[in-house]
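Here's the structure we're looking at; comments come further down.
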Amino acid sequence: MLRIATWNVNSIRARSERVVDWLERANIDVLAMQETKCKNEQFPEMGFAAAGYELATVGFSQWNGVAIASRVGLENIESSFENQPGFSKDAEVDPAIEARAIGATCGGVRVWSLYVPNGRTLTDPHYTYKLEWLAALRDTSAKWLADDPTAEIVLSGDWNIAPTDDDVWDPALFADKTHTSEPERAAFNAMTEVGFTDVVRPYTPGPGVYTYWDYTQLRFPRKEGMRIDFSLCSPALASRVSGAEIDRQERKGKGASDHAPVIIDVV
């Protein structure tokens, strides 16, 4: 069995010891990380190596950043997906590809760690970028499945979308805001239309089951969260998933990320 997890760690340099400790306790084979917030050369590799994990990282600055840690192999690493859009807040500056996607084959499974753009507001250029980014991911992933219907792929990460009202603690609060807008939800659903499945929801039914809780206003103890972290599996991989969980315990305590790890078990 493989245990594959995804976790927005919200700064790996601040939480590397906690992440490595959790990897060992939870018996995780592969971890997709987001918001590592460091350059490649700044990534705290030693603890992972000592625990038996290889690393693949993409980090250009103190923003964004994605990585994969694996103890079952790390092959055919890609630091972006085909036609991945870039972003520039200055219209006169060419858009740059951000550190938002990394893929590698781990134990025979193609694992992608994805940090979907936030969108900021419905009128911000970042929102348009978010929708373009998701459309490019949809088109590219559809091509992967068309080329090889037996491919075992997991698109895991922080999607910055709550696809249904059950995925937010107060839908009215998010009206006319990002994460719950109809274009964003349609972009998420388009991933399922091309063949990818949210394999976690059947094992973690809602409402009231979340993966993210803001640090402010006591959101976590008040159970006011969002479900925005997902593992979407190709048909061949989805058929092998035997269980899934959201480790809410890891949102607790001093120095926790504002996201909880999401785990799938593959037989």
Side-chain angles (χ1 to χ4, degrees), residues 6-12 14 32-39 58-67 79-81 83-102 112-140 155-191 210-220 224-230 232 251 257-260 262:
T6 181
W7 194 1
N8 179 320
V9 296
N10 193 8
S11 181
I12 190 60
M33 291 172 272
Q34 303 84 42
E35 266 202 290
T36 53
K37 294 184 177 180
C38 66
K39 298 178 181 179
V58 178
F60 306 135
S61 67
Q62 74 273 31
W63 308 112
N64 308 318
V66 286
S79 58
S80 63
F81 57 83
N83 297 322
Q84 181 178 325
F87 179 71
S88 174
K89 60 183 178 182
D90 187 339
E92 297 185 4
V93 176
D94 289 340
I97 300 296
E98 297 183 313
R100 292 187 176 275
I102 187 170
W112 281 90
S113 179
L114 305 171
Y115 182 41
V116 175
N118 178 282
R120 299 175 184 167
T121 71
L122 300 186
T123 58
D124 195 289
H126 210 258
Y127 180 76
T128 301
Y129 165 54
K130 179 178 190 175
L131 296 179
E132 292 174 346
W133 201 95
L134 288 162
L137 177 63
R138 175 202 63 212
D139 292 347
T140 298
L155 307 177
S156 54
D158 178 354
W159 288 73
N160 272 315
I161 300 171
T164 73
D165 283 352
D166 278 354
D167 298 318
V168 292
W169 66 274
D170 184 357
L173 185 68
F174 291 90
D176 300 318
K177 296 180 180 178
T178 59
H179 293 58
T180 61
S181 72
E182 285 307 312
E184 289 168 285
R185 286 179 167 179
F188 184 89
N189 290 333
M191 300 303 303
Y210 309 123
T211 65
Y212 163 82
W213 302 259
D214 194 286
Y215 287 128
T216 64
Q217 301 181 53
L218 298 175
R219 293 294 190 210
F220 182 68
E224 297 174 350
M226 305 175 71
R227 190 174 75 108
I228 58 175
D229 302 86
F230 299 92
L232 303 187
R251 178 58 178 82
S257 170
D258 45 3
H259 294 249
V262 179

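Source: prediction; values computed, not measured.
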Problem - Gap separating the OG1 atom of T164 from the CG atom of N189, nearest 0.5 angstrom - result: 9.5 Å

Handout entry: D170, CG atom: more than 12 neighbouring heavy atoms under 6.0 Å
Key = yes

Handout entry: Considering all heavy atoms, the nearest R120-N118 contact
Key = N-OD1, 2.8 Å

Exercise for the section: Keeping the roles fixed (side chain from R100, backbone from Y115), state whether a donor-acceptor pair exists under 3.5 Å. Expected result: yes

Exercise for the section: Could you tell me which non-hydrogen atom of W213 sits nearest to which non-hydrogen atom of G225, and how far apart they are? Expected result: CD1-CA, 3.5 Å

Problem - N10 backbone acceptor or donor facing E35 side chain under 3.5 Å - result: no

Practice task
Kindly compute the distance separating CG (D214) from CH2 (W169), expressed to the nearest 0.5 Å.
Solution key: 10.5 Å

Completion exercise
Interatomic distance, CZ@R227 vs CD1@I161, rounded to 0.5 Å, equals 12.0 Å

Handout entry: Residue pairs fulfilling side-chain hydrogen bond (donor to acceptor under 3.5 Å, both in side chains) with at least one residue in residues 130-139, sequence neighbours excluded
Key = K130-E184

Practice task
Taking the side chain as every heavy atom from C-beta outward, state whether W159 and L114 have any pair of such atoms under 4.5 Å apart.
Solution key: yes

Exercise for the section: Kindly indicate whether the side chain of I228, heavy atoms from C-beta on, has any atom under 4.5 Å from the side chain of H259. Expected result: yes

Problem - Nearest heavy-atom neighbours spanning S88 and D94 - result: CB-O, 3.9 Å

Problem - Non-hydrogen atoms of V9 and I12 that approach each other most closely - result: CG2-N, 4.0 Å

Exercise for the section: Measure from the side-chain N and O atoms of N160 to the backbone N and O of V116, and report whether any donor-acceptor pair falls under 3.5 Å. Expected result: yes

Completion exercise
Distance col, row Y215:OH vs S257:OG, nearest 0.5 angstrom, shows 5.0 Å

Problem - M33 backbone acceptor or donor facing S113 side chain under 3.5 Å - result: yes

Practice task
Kindly say whether F220 contributes a backbone atom to a donor-acceptor pair with the side chain of R251 at under 3.5 angstrom?
Solution key: no

Practice task
Determine whether E98 and Y129 make a side-chain contact, defined as any pair of heavy atoms from C-beta on separated by less than 4.5 Å.
Solution key: yes

Problem - Note, L173 side chain near V168 side chain (heavy atom, < 4.5 Å) - result: no

Practice task
Spell out, as yes or no, whether a donor-acceptor pair under 3.5 Å connects the side chain of S156 to the backbone of W112.
Solution key: yes

Exercise for the section: First locate atom CG of L122, then atom NZ of K177, and finally report the distance between them rounded to the nearest 0.5 Å. Expected result: 10.0 Å

Problem - For S80 against I97, the heavy-atom pair lying closest together - result: CB-CG2, 4.4 Å

Handout entry: Any side-chain heavy-atom pair of T180 and P171 under 4.5 Å
Key = no

Exercise for the section: For T140 and F81, indicate whether the former's side chain and the latter's backbone hold a donor-acceptor pair under 3.5 Å. Expected result: no

Fill in the blank from the handout: Output for pair (D167 CG, R185 CZ), nearest 0.5 Å, gives 7.5 Å

Problem - Nearest non-hydrogen partners of G119 and D124, listed with the distance - result: O-CB, 3.8 Å

